[in-house]
Student: 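Quick one: structure below, then a few questions.
What you are looking at is a predicted structure, and each value in this text was computed from that prediction instead of being measured. Starting from 1, each residue takes its place in the sequence as its number. These numbers come from the heavy atoms of this one structure, side chains and all, not from hydrogens, waters or symmetry mates. Atoms within a ligand are numbered from 1 in the order they appear, just like the ligands themselves.
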Amino acid sequence: MTAIADNRQYILAKIAKAALAAGREPEDIALLAVAKTFPPAAMLPLLAAGQRAFGENRVQEAKAKWPALRAQFPDIELHLIGPLQSNKAAEAVALFEVIESVDRDKIARILAEECRRQGRRLQFYVEVNIGSEPQKAGIMPPQTVEFVTHCRAVYGLDIIGLMCVPPRGENAGPYFALLERLAQQAGVKKLSQGMSQDYETAIAFGATQVRLGSALFGTRPPAGAKL
Ligand SMILES: *Cc1c(COP(=O)(O)O)cnc(C)c1O
């Protein structure tokens with residue numbers, strides 16, 4: 001388990017190096033530890049090392065895993081980075097501090113209603129389908145700026161940035177550069193981009209948060225494996 005804390009130290013050093021190489025400040029890039037499929041015990045060495053920002057891609061899994069850890073570490077900041085169905089919105093608003101997968105009008109409206117109903121103030125990212133892939137979630141690039149404006153003006157959502165997952169197996173650099181341009185046009189400051197394979201590239205293109213799972217925790221167990 002201490003290997004996980006060592007991985008974090010190593011990654012933080014690589015993040016700092018990539019930041020400096022890009023003429024940026026290391027502290028301007030946050031590490032989100034992507035916990036999906038890994039059990040609560042795997043979180044403890046990271047929590048002991050001071051990590052507080054964690055990502056999950058499924059509401060049900062987060063609900064099973066985090067309330068007990070939060071009782072011990074009340075300042076955990078939980079991010080939803082996976083697709084959100086409207087019938088899970090109430091649970092998501094109760095569980096997460098940040099939702100990074102706002103990608104359509106209906107979910108934006110329901111999230112705003114739930115925040116009001118529960119008296120919760122969350123932060124949000126708009127997810128962009130940066131490679132315009134038919135099977136993938138996210139708002140299309142040409143609609144992004146208008147959608148951000150709409151979420152803010154009509155629903156009052158606190159949209160802090162954009163999030164993307166570039167197409168698999170392609171050079172991610174141009175996609176990260178496009179997300180950075182869209183964020184500037186939309187007037188949002190945060191860019192959630194870069195995963196275990198490409199976070200250094202993402203930092204060169206303005207990432208303010210990288211989302212790392214396997215580089216921290218090791219290879220994920222196959223889908224459907226028990227926690
Ligand atoms: C799983 C996941 C990650 C982390 O992926 P790794 O390649 O394991 O670092 C990041 N972002 C999203 C949206 C994910 O679903």
Side-chain angles (χ1 to χ4, degrees), residues 3-15 18 29-39 42-43 45-46 51 53-66 77-85 88 92 95-104 107 123-133 135-139 144 160-173 175-176 178-180 183 190-225 227:
I4 299 175
D6 290 345
N7 290 346
R8 178 175 181 270
Q9 273 318 109
Y10 174 78
I11 287 162
L12 289 176
K14 299 249 279 188
I15 288 173
I29 295 130
L31 169 63
L32 185 73
V34 176
K36 66 184 185 201
T37 76
F38 292 99
M43 306 306 133
L46 286 185
Q51 180 73 33
F54 292 86
E56 290 284 356
N57 69 339
R58 292 176 57 237
V59 175
Q60 288 315 111
E61 183 177 341
K63 201 176 159 188
K65 201 191 286 181
W66 288 95
E77 180 185 295
L78 208 54
H79 293 226
L80 179 64
I81 58 172
L84 178 60
Q85 291 163 345
K88 296 271 167 58
L95 268 170
F96 293 91
E97 277 69 44
V98 183
I99 293 178
E100 301 198 15
S101 48
V102 180
D103 65 351
R104 59 195 189 280
I107 203 73
Q123 295 184 314
F124 300 93
Y125 287 75
V126 164
E127 180 173 0
V128 182
N129 184 349
I130 200 69
S132 302
E133 296 171 276
Q135 80 288 1
K136 220 176 222 173
I139 196 98
T144 301
I160 61 168
L162 304 181
M163 184 271 256
C164 78
V165 180
R168 221 178 245 278
E170 282 184 47
N171 174 16
Y175 296 106
F176 294 147
L178 176 57
L179 198 73
E180 187 178 27
K190 303 277 186 187
L191 273 185
S192 175
Q193 59 182 12
M195 314 190 346
S196 293
Q197 297 308 314
D198 54 20
Y199 65 98
E200 290 159 293
T201 307
I203 289 167
F205 291 104
T208 61
Q209 174 186 266
V210 292
R211 308 180 308 265
L212 270 60
S214 46
L216 270 173
F217 296 106
T219 311
R220 274 185 291 277
L227 283 185

Student: Any donor-acceptor pair under 3.5 Å linking the side-chain atoms of Glu127 with those of Ser101?
Tutor: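 Looking only at side-chain atoms, Glu127 and Ser101 do not form any donor-acceptor pair under 3.5 Å.
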Student: Are more than 12 heavy atoms, taken from residues, nucleotides or ligands other than Gln197, located less than 6.0 Å from that residue's CD atom?
Tutor: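 Not buried by this count: 12 neighbours or fewer within 6.0 Å.
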Student: Anything under 30° is parallel, anything over 60° is perpendicular, the rest tilted; go ahead and classify Phe38 against Phe217.
Tutor: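 Rings of Phe38 and Phe217: parallel, under 30°.
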Student: Is the count of non-hydrogen atoms from other residues, nucleotides or ligands lying under 6.0 Å from Glu170 atom CD greater than 12?
Tutor: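 Counting other residues, nucleotides and ligands, CD of Glu170 exceeds 12 neighbours.
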Student: Are Glu200 and Lys14 within salt-bridge range, i.e. N to O under 4.0 Å?
Tutor: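 Between Lys14 and Glu200 there is a salt bridge, with a charged N closer than 4.0 Å to a carboxylate O.
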Student: Just the distances, no angles: every ligand 1 N or O to protein N or O pair closer than 3.5 Å, one line each.
Tutor:
from, atom 1, to, atom 2, distance (Å)
ligand 1, 8 (O), Ser214, N, 2.8
ligand 1, 8 (O), Ser214, OG, 2.9
ligand 1, 8 (O), Arg220, NH1, 2.7
ligand 1, 8 (O), Arg220, NH2, 3.2
ligand 1, 9 (O), Ser196, N, 3.0
ligand 1, 9 (O), Ser196, OG, 2.5
ligand 1, 9 (O), Gly213, N, 2.9
ligand 1, 11 (N), Arg211, NE, 2.9
ligand 1, 11 (N), Arg211, NH2, 3.4
ligand 1, 15 (O), Lys36, NZ, 2.7

Student: Inspect the surroundings of NZ in Lys136 and state if more than 12 heavy atoms from other residues, nucleotides or ligands are less than 6.0 Å away.
Tutor: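 Atom NZ in Lys136 is crowded, with more than 12 foreign heavy atoms closer than 6.0 Å.
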